[in-house]
Amino acid sequence: MSTVIYHNPRCSKSRQTLQLLESNGIEAEVVDYLKTPPDAATLSELLELLGVEPRDLIRDGEAEYRQLGLDDPTLSRQQLIQAMVEHPKLIQRPIVVNNGRAALGRPPEAVLELF
């Protein structure tokens, strides 16, 4: 199974994580998730691999978070996932997947535990 990084080239942590993988000789398929957002099933799988809930993966500092009222505690898991599908900017980044495991590159070195 190949390594995949859900990457935002405009994010410094995402760039640092990609550079860290490359400097360790790890080739990764780069998914620019703002251009190619994951669908709900993929996002649900990533949450499962990360062992987190949707709220843990949402960037609450983004304008869309406030505009969409995502701080509402009554929103369901599916509603939060759908908000991230429709507004991928809300997805915390970068996410690296390798051999059925995933890690969030915050800090970038955290992804090295997958190898």
Side-chain angles (χ1 to χ4, degrees):
M1 181 180 267
S2 65
T3 302
V4 177
I5 179 170
Y6 289 87
H7 177 61
N8 176 352
R10 296 183 62 192
C11 169
S12 63
K13 292 286 184 217
S14 199
R15 289 192 310 269
Q16 289 168 13
T17 302
L18 183 58
Q19 185 176 23
L20 184 65
L21 292 174
E22 290 170 348
S23 68
N24 279 279
I26 299 163
E27 285 188 38
E29 174 189 342
V30 178
V31 176
D32 182 337
Y33 69 90
L34 293 178
K35 292 180 181 170
T36 312
D39 60 19
T42 302
L43 205 45
S44 199
E45 183 182 332
L46 288 171
L47 289 164
E48 191 72 30
L49 293 175
L50 288 165
V52 299
E53 290 300 316
R55 286 201 183 279
D56 301 321
L57 201 59
I58 290 182
R59 297 174 55 84
D60 58 13
E62 298 292 341
E64 291 87 343
Y65 182 83
R66 292 181 297 287
Q67 292 164 355
L68 298 169
L70 297 178
D71 56 346
D72 180 346
T74 65
L75 291 174
S76 71
R77 174 184 175 89
Q78 207 50 49
Q79 287 172 306
L80 294 171
I81 288 172
Q82 192 58 40
M84 286 188 278
V85 168
E86 293 172 13
H87 305 274
K89 189 177 185 184
L90 290 166
I91 302 170
Q92 202 53 269
R93 60 199 176 238
I95 301 168
V96 176
V97 180
N98 183 57
N99 288 327
R101 295 172 55 222
L104 189 60
R106 296 192 164 268
E109 295 76 21
V111 303
L112 293 178
E113 71 184 35
L114 298 174
F115 302 95

Checklist entry - Could you give all pairs that pass the salt bridge (charged side-chain N to carboxylate O under 4.0 Å, His left out) test and reach residues 19-31, with sequence neighbours left out? => result none
Next on the checklist: Could you report the tightest heavy-atom contact between Pro94 and Leu104, atom names first, then the distance?
Outcome noted: O-CD1, 3.2 Å
Item to check | Closest heavy-atom pair and its distance - Leu49, Ala102 | outcome: CB-CB, 3.6 Å
Next on the checklist: Do Leu50 and Val85 sit in one hydrophobic cluster, given that two such residues count as connected whenever their side-chain heavy atoms are within less than 4.5 Å of each other, even indirectly?
Outcome noted: yes
Item to check | Residues that Ser14 engages under side chain to side chain donor-acceptor pair (under 3.5 Å), provided they are two or more places apart | outcome: His7
Checklist entry - Does Arg77 reach the side chain of Leu47, with side-chain heavy atoms less than 4.5 Å apart? => result yes
Checklist outcome for this item: The reported gap from CG in Leu18 to NZ in Lys13 (rounded to nearest 0.5 angstrom) is 14.5 Å
Checklist entry - In Å and rounded to the nearest 0.5 Å, what is the CD to CG distance from Glu113 to Asn98? => result 11.0 Å
Checklist entry - Can you find a pair of side-chain heavy atoms, one from Tyr33 and one from Thr42, that are under 4.5 Å apart? => result no
Checklist outcome for this item: What one should report as the nearest heavy-atom pair of Arg15 and Pro9 is NH1-O, 3.0 Å
Item to check | Atom pair CD1 (Ile95) and CD1 (Ile5), whose distance is rounded to the nearest 0.5 Å | outcome: 10.0 Å
Next on the checklist: Let's go through Phe115 and Asn99 carefully: what are the C-alpha distance in whole Å and the side-chain angles of both, what is the deciding distance for side chain to side chain contact (heavy atoms under 4.5 Å, CB included) to 0.1 Å, and is it a yes or a no?
Outcome noted: CA-CA 9 Å; Phe115 302 95; Asn99 288 327; over 6 Å; no
Item to check | Atom pair CD1 (Ile81) and CG (Leu43), whose distance is rounded to the nearest 0.5 Å | outcome: 6.0 Å
Checklist entry - If two hydrophobic side chains count as joined below 4.5 Å and joins carry through other members, does Leu20 share a cluster with Tyr6? => result no
Got a list of side-chain donor-acceptor pairs under 3.5 Å for residues 54-61, not counting sequence neighbours?
residue: Arg55; atom: NH1; partner: Leu70; partner atom: O; Å: 2.6
residue: Arg55; atom: NH2; partner: Leu70; partner atom: O; Å: 3.4
residue: Arg55; atom: NH2; partner: Asp72; partner atom: O; Å: 2.6
residue: Asp56; atom: OD2; partner: Glu53; partner atom: N; Å: 3.0
residue: Arg59; atom: NE; partner: Glu62; partner atom: OE2; Å: 3.0
residue: Arg59; atom: NH1; partner: Gln92; partner atom: OE1; Å: 3.2
residue: Arg59; atom: NH2; partner: Glu62; partner atom: OE2; Å: 3.4

Item to check | Exercise: identify the closest heavy-atom pair between Val111 and Gly105 | outcome: CG1-CA, 3.7 Å
Checklist entry - In Å and rounded to the nearest 0.5 Å, what is the SG to CZ distance from Cys11 to Arg106? => result 5.0 Å
Checklist entry - Checking side chain to side chain contact (heavy atoms under 4.5 Å, CB included) for the pair Ile26/Val96: CA distance, chi angles, key distance, verdict? => result CA-CA 11 Å; Ile26 299 163; Val96 176; over 6 Å; no
Next on the checklist: Once rounded to the nearest 0.5 Å, what's the spacing between atom CE of Met84 and atom CG of Leu68?
Outcome noted: 12.0 Å
Item to check | Same cluster (ILVMFWY, side-chain, under 4.5 Å), Val30 and Val97 | outcome: no
Next on the checklist: Would you say that more than 12 heavy atoms from the other residues, nucleotides or ligands in this model lie under 6.0 Å from the CD of Gln79, or not?
Outcome noted: yes
